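All values derive from a computational prediction rather than experimental measurement. We use all heavy atoms of the structure for the numbers below, so side chains are in, but hydrogens, waters and symmetry mates are not. Numbered from 1 within each chain, the chains take letters A, B, ... in sequence-line order.
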2 protein chains.
Amino acid sequence: MPITGKNIVGLESLAGGDQTVTAINPSTQKALSDKFHVATASEIEQALAKSEMAFSSYQQTSGEERARFLRAIADEIVALGDELLERASAESGLPLARFQGERGRTVNQLRLFADVLEEGSWVEANLEIGDAQRTPMPKPDIRKMLVALGPVVVFTASNFPLAFSTAGGDTASALAAGCSVIVKAHESHLGTNELVSMAIQTAARKTNMPDGVFSSLNGLGYDLGKTLVKDARVKAVTFTGSLRGGMAIHKLAQEREAPIPVFAEMGSINPVILLPEAVQSNHKLPATLVGAITMGVGQFCTNPGLLIAIKSPALEAFKDALQMEFSKAGVFTMLNESIYRNFENGKANALGQPGVKAECVVDGRADDWTGRPAIASVSASDFIANTNLQNEVFGPFSLVVECTDISQVTEVIKSLHGQLSGTIFSENNEVANYSSLVSELVGRVGRVILNQVPTGVEVGHAMQHGGPFPASSDSRFTSVGVDAIKRFVRPVAYQNWPNSLLPKALQDGNPLTIFRKTNGVFGSL
Amino acid sequence: MPITGKNIVGLESLAGGDQTVTAINPSTQKALSDKFHVATASEIEQALAKSEMAFSSYQQTSGEERARFLRAIADEIVALGDELLERASAESGLPLARFQGERGRTVNQLRLFADVLEEGSWVEANLEIGDAQRTPMPKPDIRKMLVALGPVVVFTASNFPLAFSTAGGDTASALAAGCSVIVKAHESHLGTNELVSMAIQTAARKTNMPDGVFSSLNGLGYDLGKTLVKDARVKAVTFTGSLRGGMAIHKLAQEREAPIPVFAEMGSINPVILLPEAVQSNHKLPATLVGAITMGVGQFCTNPGLLIAIKSPALEAFKDALQMEFSKAGVFTMLNESIYRNFENGKANALGQPGVKAECVVDGRADDWTGRPAIASVSASDFIANTNLQNEVFGPFSLVVECTDISQVTEVIKSLHGQLSGTIFSENNEVANYSSLVSELVGRVGRVILNQVPTGVEVGHAMQHGGPFPASSDSRFTSVGVDAIKRFVRPVAYQNWPNSLLPKALQDGNPLTIFRKTNGVFGSL
């Protein structure tokens, strides 16, 4: 499929503007040849108007209809074949094989939401049957369910050109909820975005979805995003990226006349606690950790950026083993110039903080955009005293925090900002001795892991990917897994409606045979 | 029980400051004799420190333990006897009988949350069982449940000294969730607050709850609230009151280094659509509507402030009937001077808007704080053109919006800001002809009602009390009913933990016998 460089505005492809942008191949540091038209003011307005119009009919579609749409998107993405994988690889510097897996994750995610829609219970139907005989006041009949919020703007992620981007988890869950979507294409993967957007457009056409259920716009830096977030027709925003970027969007959204929710998944350093017996006797652990730190050039939000352990001769040997593994890790291209420069600056900044000692710094050419891994160490007291060391260094970097004893480990945990994940490595059930440490960790993270690395976020029913601030802007929601759909809905209660005028999910006899709550009792009544 | 004027700081009662405030009896416009000590900086700090400390143990208590605490609070409130009702009446100008009902609502609410805790399924346990054999990657074991956010600050409501105040729905649901609570006492009912706070303190002592699980502070205007909202230890805020007050708190909370959720229930004008056949033939409707508009001197957030109908001779007769009922309505004291003055100003402002015609303005003395009911009318086109007419006039005031036809009714609905409720009165199933009107109404409200008045908010499982902005700051949550508990929790996923170290709600074999989701399937597995 040839790249056209056009904006996808509902069922149309538009390129009215003269201004163009290009994607860059980070491996060669050269622009790819295709030019992408920056959306004009009129094209942005058309996308917004269509999105609002499409929402009014799309929100009324049945779960089966929306499921068909999501499955069609998955099929069209698969139909793009190798061209999609090659383009994503060229725009990201990541190997082709990575996109085999990421494409699988993306289409499975779409199909999982289709399953959820077909099953139907996600609307949380909750019926309280009226009782005219109740005294002193008759009991009204009240029946509640979730309804879609409205048009959603999706900011795509640099580090997952497929799974967290154009047809990624945010778009899939917003479309599943019954919201229309406008994607702001990521400057780093404009071609990948166009290919996937065309797949969604084709799927919308084939399944008779309303014109405007999906749009995707190219834009320059901050301007396009700002216009979209400030528009009164937009009812929610998702973002995956830096704390600075996420908070800028959050601020814009809160300053609107009618504030809207922003689901920003931002920085996290994902503390990993290495209990003494694990340091002593888990000999595979250094390789496991270095694998997690350097995988994907460390460009994962769940990258373990902090290793917390108690000083001991065993820890010295453990650090030696880490260094050994690091030196074998290799050096790979980062996603784009800005990520590369931020990584180099962040790493240099961390290494320059008081008390920080470089344990292993992999060298490499300075004239390309490769992320050279590094590991450093610092005492717990220096770490606790210096919140600069809690800034995420996005890339293959990790800091060993050395504690005097287990109570200082707890102090380090207590000093931490909110995190996506917290991990404990324990041998021989040693963790059972430290329930208050676990409880402090749980209080600061969205996911608490034992003896597995935090990277690799399973897409399923029970995943929580979102933690206390600044890990995400709203810790009550997840951006990965089935419950991501809950970000785009609100409850509406119907009081005293006749059965025939109620939505099917709330009707007597449960015609959708979904899981409901009736008079406070759970069950399929 | 004598009023002491002290601040309740956990299990202590403190009065270290010299500054005092008094409550005023709105019926006499005179200060009541008791003096209440304004919390000193040190007392505020103690309340915050205790609240954080208490949270760490309180969040670990079982559902049964917290249920016992909530039931004890209800019992202690009942034990206060008539003294509580008399004090609430003196501080609000509302009749004693009203507080019989409001006390019942308050204690039933506490007991309902106790039921929910004892049943236990509210934690939304969600298990995804691991599978080491899955290819290409083993499936991790992930189990998710809701955990408490942390200390919550509750701003109490002027119009419900019991049910939305010290031990009202916000406090009850936050305590149920496992959060500690700090109440900012309302200046209008300081004595009522102290009595109820003492009841909570006694209940905490009797059920061995940690010192600091509950505090209640007296303060001057904005200062105390600001200090509490800005404190990093506070993790959520609830507010019931004006748009201006709610947004000021929202802004403070968003400007914090770590923003926190604010659940502000603010202004609503609760549109009521009168379909032609109801205007024509529901002869009880004028009395029903006037009853709802004037009940409690109109001081309810669900007061019907907008009556939308199609011009016709029948509507003229309907308005005459409304006027007749209004003239019988009587004149009663409002809650406090500020509410009285805001009502008079809001009413005058509405009556002075272009095209607004006074239909019925009940006269009365201007030197007391009685709320004199008024009803006005305006054409749909003037209403749509003038958003000033969407400002809530808190008190017994309603505006009839006269439309040319049903499509203009829909235009009026489309022009509305978010609302707590929207109501339709229909005879002979006329509403069945107007599905797009219903759909536009649903899109703007939290609760959609047929043939019942919006006042009288049932406390139960299916209630939704919260609507799109500006009705509330977060339409995804309710401040009334069982689901109010969801405001104070976030999900945490446990990955790869042995059964013995998991919270009971997530353990194999379901030892709490709660309703759970397992591998995506609902049921008590």
Check: A:Asn451 side chain, B:Asn496 main-chain N or O, donor-acceptor pair, under 3.5 Å: no
Gap between atom CZ of A:Phe515 and atom CZ of B:Phe515 - 0.5 Å precision: 2.5 Å
Proximal component of B:His250, with respect to chain A [non-hydrogen, under 4.5 Å]: side chain
Choice from B:Met463, B:Glu440, B:Lys486 maximising heavy atom contacts with chain A below 4.5 Å: B:Met463
A:Leu501 portion near chain B, given a 4.5 angstrom heavy-atom threshold: side chain
B:Glu255 and A:Lys251 ion-paired at < 4.0 Å: no
Closest approach of B:Val445 to A:Val492 (non-hydrogen atoms, all atoms of both residues): O-CG2, 3.7 Å
Taking every non-hydrogen atom, the tightest pair across A:Val448 and B:Trp497: O-NE1, 2.9 Å
Heavy-atom pair with the smallest gap, counting every atom of A:Pro498 and B:Leu450: CD-CD2, 3.4 Å
Residue A:Arg256 versus chain B: region with a heavy atom under 4.5 Å: neither
A:Asp115, part contacting chain B, at a heavy-atom distance under 4.5 Å: neither
Test applied, side chain to side chain donor-acceptor pair (under 3.5 Å); reference residue, A:Gln495; option that passes from B:Glu458, B:Arg447, B:Gln464: B:Arg447
Point-to-point distance, once rounded to the nearest 0.5 Å, from CG of A:Asp141 to CD1 of B:Ile449: 12.5 Å
Structural part of A:Met247 lying under 4.5 Å from a heavy atom of chain B: side chain
salt_bridge(B:Asp483, A:Lys144) N-O dist < 4.0 Å: yes
Heavy-atom side-chain proximity of A:Phe469 to B:Lys235 below 4.5 angstrom: no
Considering all heavy atoms, the nearest B:Pro491-A:Ser475 contact: CD-O, 3.6 Å
Residue among B:Ser439, B:Ser435, B:Ser436 satisfying side chain to side chain donor-acceptor pair (under 3.5 Å) with A:Gln60: B:Ser439
Least distance between heavy atoms, A:Tyr494 atom then B:Val442 atom: OH-CG2, 3.7 Å
Residues, nucleotides or ligands: over 12 heavy atoms within 6.0 Å of B:Met53 CE: no
Chain B contact via A:Ile260 - side chain, backbone, both or neither, heavy atoms under 4.5 Å: neither
Heavy-atom proximity to chain A below 4.5 Å, by part of B:Val489: backbone
Chain A interface, residue from B:Ser56, B:Gly460, B:Pro259 that has the most non-hydrogen pairs under 4.5 Å: B:Pro259
Options A:Ile142, A:Val482, A:Thr423, A:Val438, ranked by heavy-atom pairs under 4.5 Å with chain B, top entry: A:Ile142
Engaged part of A:Leu149 at the chain B interface, taking heavy atoms whose separation is under 4.5 Å: side chain
From CA spacing to verdict: side chain to side chain contact (heavy atoms under 4.5 Å, CB included), B:Phe477, A:Arg476: CA-CA 11 Å; B:Phe477 294 90; A:Arg476 295 164 302 168; 3.3 Å; yes
Where B:Ala462 and A:Ala493 come nearest, the two heavy atoms and their spacing: O-CB, 3.8 Å
